[in-house]
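Below is one structure, written out as structure tokens, with a few remarks after it.
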Amino acid sequence: LRDDVRSDIVVALRERKAAAVLVTHDREEALSLGDRVAVMSAGRVLQIGRPVEVYERPVDRFVAQFLGEASFLPGESGHVVMARPHDLTVLHGGNSVVTARRYLGAAWRYRVRLADSTEIDADADAGPEVSPLAVGDACTVTVSADHELHRLSD
């Protein structure tokens, strides 16, 4: 019902060419309803932009994590690379270790400790033909994104 009401509101606003400001703490609602999204913290606007821009290219760690799960990998020249769990995948064997896992239906979400002790979240396909990793298993994390990962200043 909530999704239907959201859709109806968007249709009604667009038909009337009306503008509206929606204040919400629900990131899914903000990303799905807004033509533009503003992320605020402690009364300050941190970033404004189209939902896809703010989600994929956050200005800092707070915005990245506020809008969804994000891991930060060591980069070059004082930068970190932000990766969403769906940007990464986990394979059996390697020098990283699975420290936790969650079944999400279409995927397994793994918490992995990399060789340098960085903790990240990464997804792997689920299904009857897939042998899931267990906590404690050795693994390798690879970038599976079809886009360049976003760099942030550390």
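Below, all heavy atoms of this structure are taken into account, side chains as well, without hydrogens, waters or symmetry copies. Every value quoted in this text rests on a predicted model; they were computed, and no experiment measured them.
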- Query: Would you find a donor on one side and an acceptor on the other, under 3.5 Å apart, between the side chain of Ser153 and the backbone of His79?
  - Reply: no

- What do you reckon, is NE2 of His25 surrounded by more than 12 foreign heavy atoms closer than 6.0 Å? no

- Query: Could you state the interatomic distance from CG (Leu13) to CG (Asp8), rounded to the nearest 0.5 Å?
  - Reply: 11.0 Å

- Do Leu22 and Arg6 have side-chain heavy atoms sitting under 4.5 Å apart? no

- Message: With a 4.5 Å cut-off on side-chain heavy-atom distances among I, L, V, M, F, W and Y, is there a chain of contacts connecting Val81 to Val63?
- Response: no

Identify every side-chain donor-acceptor pair in residues 65-74 under 3.5 Å, counting partners at least two apart or on other chains, and give the distances.
{"unit_1": "Glu69", "atom_1": "OE1", "unit_2": "Arg102", "atom_2": "NH2", "d": "3.2"}
{"unit_1": "Glu69", "atom_1": "OE1", "unit_2": "Arg109", "atom_2": "NH1", "d": "3.3"}
{"unit_1": "Glu69", "atom_1": "OE2", "unit_2": "Arg102", "atom_2": "NH2", "d": "2.9"}
{"unit_1": "Glu69", "atom_1": "OE2", "unit_2": "Arg109", "atom_2": "NH1", "d": "2.7"}
{"unit_1": "Ser71", "atom_1": "OG", "unit_2": "Asp121", "atom_2": "N", "d": "2.8"}

- In this structure, CG of Leu149 is separated from CG of Leu88 (nearest 0.5 Å) by 7.0 Å

- Task: State the OG1-OH distance between Thr89 and Tyr110, to the nearest 0.5 angstrom.
- Result: 9.0 Å

- Note on the structure: Of all heavy-atom pairs linking Ile48 and Val54, the shortest is C-CG2, 4.1 Å

- Test item: side-chain donor near acceptor, Thr24 and Asp26, under 3.5 Å: no

- Minimum heavy-atom separation for Pro58 to Leu152, with atom names? O-CD2, 3.0 Å

- Query: According to a 4.5 Å side-chain heavy-atom criterion applied to Ile, Leu, Val, Met, Phe, Trp and Tyr, with indirect links allowed, do Val90 and Val143 form part of one hydrophobic cluster?
  - Reply: yes

Side chains of residues 30-42: which donor-acceptor partners sit under 3.5 Å, not counting sequence neighbours?
{"unit_1": "Ser32", "atom_1": "OG", "unit_2": "Glu28", "atom_2": "O", "d": "2.9"}
{"unit_1": "Ser32", "atom_1": "OG", "unit_2": "Glu29", "atom_2": "O", "d": "3.3"}
{"unit_1": "Asp35", "atom_1": "OD1", "unit_2": "Arg14", "atom_2": "NH2", "d": "2.4"}

- Would Arg84 count as a cation-pi partner of Tyr55, with NZ or CZ less than 6.0 Å from the six-membered ring centre and within 45° of the ring normal? yes

- From CG (Asp87) to OG1 (Thr142), nearest 0.5 Å: 11.0 Å

Please tabulate, one pair per line, all N/O donor-acceptor pairs under 3.5 Å involving side-chain atoms of residues 92-101, not counting sequence neighbours.
{"unit_1": "His92", "atom_1": "NE2", "unit_2": "Ser131", "atom_2": "O", "d": "2.8"}
{"unit_1": "Thr99", "atom_1": "OG1", "unit_2": "Arg111", "atom_2": "O", "d": "3.2"}
{"unit_1": "Thr99", "atom_1": "OG1", "unit_2": "Glu119", "atom_2": "OE1", "d": "3.4"}
{"unit_1": "Arg101", "atom_1": "NH1", "unit_2": "Leu133", "atom_2": "O", "d": "2.7"}

